Amino acid sequence: MKVKTYRKTATIKAEQFDEVKWQSVYNDLHNPEEWDFEARKLGIDHYHGYFIIPSHEGDMKVHDGDWIATGINGEHWPIADDVFRKTYAELPVIPKVWADTIEEYKANHYRLDEIFTEWSWNYDEQELIARAWLDGYQVEEDK
């Protein structure tokens, strides 16, 4: 049997878990409905002094510094910080004009290399545009 190499292709949203912050939220919200509303944002719950994420595989304990990932179907799961940093990279942040150009080229079925012949890019910009084209991107916020 030949071993093949794979890469992850799904984009996730993630927030680093701050146990002190969430313990404070838990202690300050005396109303269970308020706690449920706030905790649902990250998919966490509080059980016997621990923070957990309920899942189909069972309750998963969340530790301070873990990342709480949200998948494409809204599901949540914890990822240890060291594993997260080895596995995921933040999507590049690009100006809106670059994002509009990428979307226009993709919509008109242009090839990636054609974007480089139309505009004058330096090497770092080319690498950033290629990453954004392939993996997705975040649009730079207006200043």
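Predicted model, so just to flag it, every value in this text is computed and none were measured.
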Criterion side chain to side chain contact (heavy atoms under 4.5 Å, CB included) on Gln138 and Glu90, from CA distance to verdict | CA-CA 9 Å; Gln138 301 174 77; Glu90 189 173 351; 3.4 Å; yes
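Within a 6.0 Å radius of CD1 in Ile72, no more than 12 heavy atoms belonging to other residues, nucleotides or ligands are found. Heavy-atom neighbours of Tyr50 OH from other residues, nucleotides or ligands within 6.0 Å: at or below the threshold of 12.
With sequence neighbours left out, the side chain to side chain contact (heavy atoms under 4.5 Å, CB included) criterion links Thr87 to Lys8, Val83. Asp113 is linked by a side chain to side chain contact (heavy atoms under 4.5 Å, CB included) to Arg111, counting only residues two or more places apart in sequence or in another chain.
Expressed to the nearest 0.5 Å, how far CD1 of Ile12 lies from CD1 of Ile68 amounts to 11.5 Å. Between the CH2 atom in Trp22 and the CZ atom in Phe51 there is a gap of 8.5 Å [rounded to 0.5 Å].
Contact detail for Gly136 and Pro92: the closest heavy-atom pair is O-CD, 3.5 Å.
Hydrophobic clustering (ILVMFWY, side-chain heavy atoms < 4.5 Å, transitive): Val139 and Leu134 are in one cluster. The hydrophobic clustering, which links ILVMFWY residues whose side-chain heavy atoms are closer than 4.5 Å, places Leu112 and Ile94 together.
Contacts classified as side chain to side chain donor-acceptor pair (under 3.5 Å) and involving residues 93-105 (residues at least two apart or in different chains) are given here: Lys96-Asp100, Glu103-Tyr137. Counting only residues at least two apart or in different chains, salt bridge (Lys or Arg N to Asp or Glu O under 4.0 Å) contacts with residues 53-81 comprise Asp81-Arg85. For residues 77-97, the set of pairs meeting the ring pair (Phe, Tyr, Trp, His ring centres under 6.0 Å) definition, not counting sequence neighbours, comprises Trp67-Phe84, Phe84-Tyr88.
Panel note: side chain Glu140, backbone Val93; no donor-acceptor pair is recorded below 3.5 Å.
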Result block: side-chain N/O donor-acceptor pairs under 3.5 angstrom for residues 124-132, not counting sequence neighbours:
residue : atom : partner : partner atom : Å
Glu125  : OE1  : Asn122  : N            : 3.0
Arg131  : NH1  : Asp135  : OD1          : 3.3
Arg131  : NH1  : Asp135  : OD2          : 2.4

